[in-house]
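Numbered from 1 within each chain, the chains take letters A, B, ... in sequence-line order.
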Number of protein chains: 2
Amino acid sequence: MNADLWLTQLKDNGYRLTEARKAVVETVAVTQHALSPVEVFDRARASSPRLGLVSVYRTLEKLEELGLIQRVHQVHGCQAFIACGKGHEHLLLCTKCGAAEHFTGDKLGPLITSISKQTGYKVEEHWLQLLGLCKKCLKAGK
Amino acid sequence: MNADLWLTQLKDNGYRLTEARKAVVETVAVTQHALSPVEVFDRARASSPRLGLVSVYRTLEKLEELGLIQRVHQVHGCQAFIACGKGHEHLLLCTKCGAAEHFTGDKLGPLITSISKQTGYKVEEHWLQLLGLCKKCLKAGK
DNA sequence: TTACTTGCAAACGTTTTGCACGATT
DNA sequence: AATCGTGCAAAACGTTTGCAAGTAA
């Protein structure tokens with residue numbers, strides 16, 4: 001998937017392409033839902049048994065720096081990461097299976113403008129996240 | 001401020017009114033920006049020197065349960081709490097001084113409907129937060 | 001060859017738990 | 001008087017750091 005692009009990005013930014021980094025990149029780039037550092041560690045270890053948890057942390061840090069992954073904030077914790085969408089996009093998460101989709105929040109402009117006027121704030125960033133049930137989980141009942 | 005209301009709420013829900021709980025409630029209800037457990041601890045200790053950090057954690061837990069405070073998610077961490085607004089409201093945070101204001105995000109309906117249709121998700125919750133500079137910090141330059 | 005990167009172990013900060021004592025109802 | 005709540009100490013996490021050995025360029 002994006003894995004090769006991510007590796008290129010790492011290289012272009014002066015980072016070396018190592019076993020550890022490849023393993024982390026391949027795990028995160030391929031997964032459709034948010035993963036915590038330990039989850040990345042467990043999965044990546046399947047193919048790279050010598051991988052250490054510390055390298056997972058350090059690689060995630062770099063991927064976040066480069067804007068390739070983002071931290072996902074949820075009620076039960078904020079230690080999970082997921083691949084970023086293209087451009088400025090927001091997340092829609094399934095509270096049951098953890099599936100994630102990206103969407104654009106263009107329509108927020110007017111709201112933000114009106115809040116700025118009301119409060120006198122200069123709004124520089126916005127975080128939006130939707131939570132619900134995905135198509136699959138809806139079908140599966142309950 | 002809301003402090004008395006909060007204490008009543010605690011009592012009505014079967015919790016006893018103790019020194020520790022009063023100290024935490026009085027600290028958080030009065031503060032206009034998000035506080036971490038340790039910050040609450042330090043401030044509350046000014047008036048209740050025997051207070052323990054554990055009681056701060058346990059009281060914050062109950063206040064969150066009762067919907068009186070909410071966790072604030074920020075780039076630099078998600079361990080801070082702030083009083084909830086009235087009804088369903090969102091947060092506008094100053095990234096410089098930490099000031100917080102509540103606003104209503106009513107205008108999100110159309111966006112949510114359109115995302116639901118596009119993705120097949122049943123959206124049950126939304127989470128919006130604006131970040132920027134407050135009036136004061138804008139004036140204070142840069 | 002050189003500098004970057006690794007994994008380990010240990011340190012660190014935050015949050016939770018077990019428990020005997022103390023306080024509220 | 002009976003619970004419920006407290007503070008302390010210790011345990012349990014998640015994350016970061018120091019370092020000698022290994023590896024990419």
* Asked: On a plain distance test, is the side chain of B/R50 in donor-acceptor contact with the base of C/dG22 below 3.5 Å?
  -> no
* Whether B/F103 and B/H90 hold their rings parallel, tilted or perpendicular, with breakpoints at 30° and 60° -> tilted
* Give me the one residue out of A/L128, A/L108, A/I115 that meets side chain to side chain contact (heavy atoms under 4.5 Å, CB included) with B/L130. => A/I115
* Are a donor atom and an acceptor atom from the side chains of B/H126 and B/H88 found within less than 3.5 Å of each other? -> yes
* When the C1' atoms of the five terminal pairs at each end define the local axes, what inter-axis angle does the helix from C/dT1-D/dA25 to C/dT25-D/dA1 show, to 10 degrees? -> 40°
* Residue closer to the 5' end of DNA chain C, B/Q79 versus A/G52 (nearest nucleotide) -> A/G52
* Start with the C-alpha distance between A/V56 and A/T27, add both sets of side-chain angles, then the distance that settles side-chain contact (heavy atoms from CB on, under 4.5 Å), and finish with yes or no. => CA-CA 11 Å; A/V56 174; A/T27 301; over 6 Å; no
* Between A/L53 and B/L51, who's closer to the 5' end of DNA chain D by nearest nucleotide? -> B/L51
* Selection: residues 10-25 of chain B, any non-hydrogen atom under 4.0 Å of DNA chain D -> B/Y15, B/R16, B/T18, B/A20, B/R21
* To do: Kindly confirm or rule out a cation-pi arrangement of B/K62 over B/Y15, judged by NZ or CZ under 6.0 Å from the six-membered ring centre and within 45° of its axis?
  => yes
* To do: Ignoring the backbone of A/R58, work out which of C/dT6, C/dG18, C/dT15 is nearest its side chain.
  => C/dT6
* To do: May I ask whether B/I82 and B/L10 are part of the same hydrophobic cluster, defined by side-chain heavy atoms of I, L, V, M, F, W, Y residues being less than 4.5 angstrom apart, directly or through others?
  => no
